[in-house]
Amino acid sequence: GILLDGGSLAAVVNNTIEDNVITTNGSGASNYGVHFTGFATAHTAGNVVRNNTIVTFGTTTNYGIRLDTFSNNNTIANNTILSGGSGTGNDGMIVVQSSNNTFINNVVRANGPNLSHGVELTTSSTRNIFGNNNLTTFASASHAIFSSASNNTFINTLLNDPVQWIFSDSSSNNSFINTTFFQANTSSQFFGTLNSTGQQNVTRDELLLRYNFARLDSRTMPFMNATARITFRGLFNVSEPRVYADFDEDGTVELCPSS
């Protein structure tokens, strides 16, 4: 892959990585497509990664893009990222103790046996902005977004049928604005701001979307108890549609009022 390393002496700034096909296919672990790393006195900053196709494979921890310690104020835009491996931990994009970066218009597909997330944020990664990203995971226990960090913002995010939706640990506090949870037959779009504070594990059980059915367990996910637009696709012979809801979450459904 491509490495920008600030080391301990010199900052690495204002570089552009553009219009490339970047492929890694090592026989071991830690095959990164693009890797930025800095130092306390030599940040890796002001760099741009855009319009690239990035494919990674190996055993474990094969990241499409990794922004490592003190990689700040960089822009990651319009990339297609396919991360995978025969082992665990193949995130599409991971941010490690880095801040004030912008990730926009990226398509991420993360794969592996398990724990291969679309986007992962580790402790001390703050004030990063994610806009218009399309995130999918395929592996067991793999979330579209997995966060151990705070004060990051996700805007216009499409969680495109991942294995699990969002995980935030007990130290996290992040904002999700206009977020779409998409499954083949049903989607749920939250137009407003969802503020996730503390540990939240939004699994496919807490927000269950399937054919002609949508259910949010707002008792376990109170931060998501907000207005959303639910879209059902592929319904047949619906001449007089009726919508039912379990308002009290007691297992009893009632006909929704027409207005």
Quiz prompt | side chain to side chain contact (heavy atoms under 4.5 Å, CB included) between Thr186 and Ile230, worked out | solution = CA-CA 7 Å; Thr186 305; Ile230 299 171; 4.2 Å; yes

Exercise. Would you sort out whether Phe232 and Phe213 count as a ring-ring contact (aromatic ring centres under 6.0 Å, His included), showing the intermediate values?
Key: CA-CA 8 Å; Phe232 298 118; Phe213 184 89; 8.6 Å; no

Exercise. Begin from the C-alpha positions of Asp161 and Arg204 and carry the test salt bridge (charged side-chain N to carboxylate O under 4.0 Å, His left out) through to its verdict.
Key: CA-CA 10 Å; Asp161 204 9; Arg204 296 288 284 259; 3.1 Å; yes

Exercise. Determine, stepwise, if the pair Asp68 / Thr44 fulfils side chain to side chain contact (heavy atoms under 4.5 Å, CB included).
Key: CA-CA 9 Å; Asp68 226 329; Thr44 299; over 6 Å; no

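Classified by interplanar angle (parallel below 30°, tilted 30° to 60°, perpendicular above 60°), the ring pair Phe181/Phe190 is perpendicular.
Of all heavy-atom pairs spanning Cys256 and Tyr244, the tightest one is SG-C, 4.0 Å. Nearest heavy-atom pair across Asn52 and Asn79 is N-OD1, 3.0 Å.
The CH2 atom of Trp165 sits 11.0 Å away from the NE2 atom of His143 when rounded to the nearest 0.5 Å.
Asn134 and Arg109 are linked by a side-chain donor-acceptor pair at a separation below 3.5 angstrom, with hydrogens and angles left out of the test.
Panel note: side chain Asn90, backbone Ser83; no donor-acceptor pair is recorded below 3.5 Å. The closest donor-acceptor contact from the side chain of Arg127 to the backbone of Asn151 lies at 3.5 Å or more, if one exists at all. A donor-acceptor distance shorter than 3.5 angstrom exists from the side chain of Asn133 to the backbone of Asn106, with no hydrogens or angles considered.
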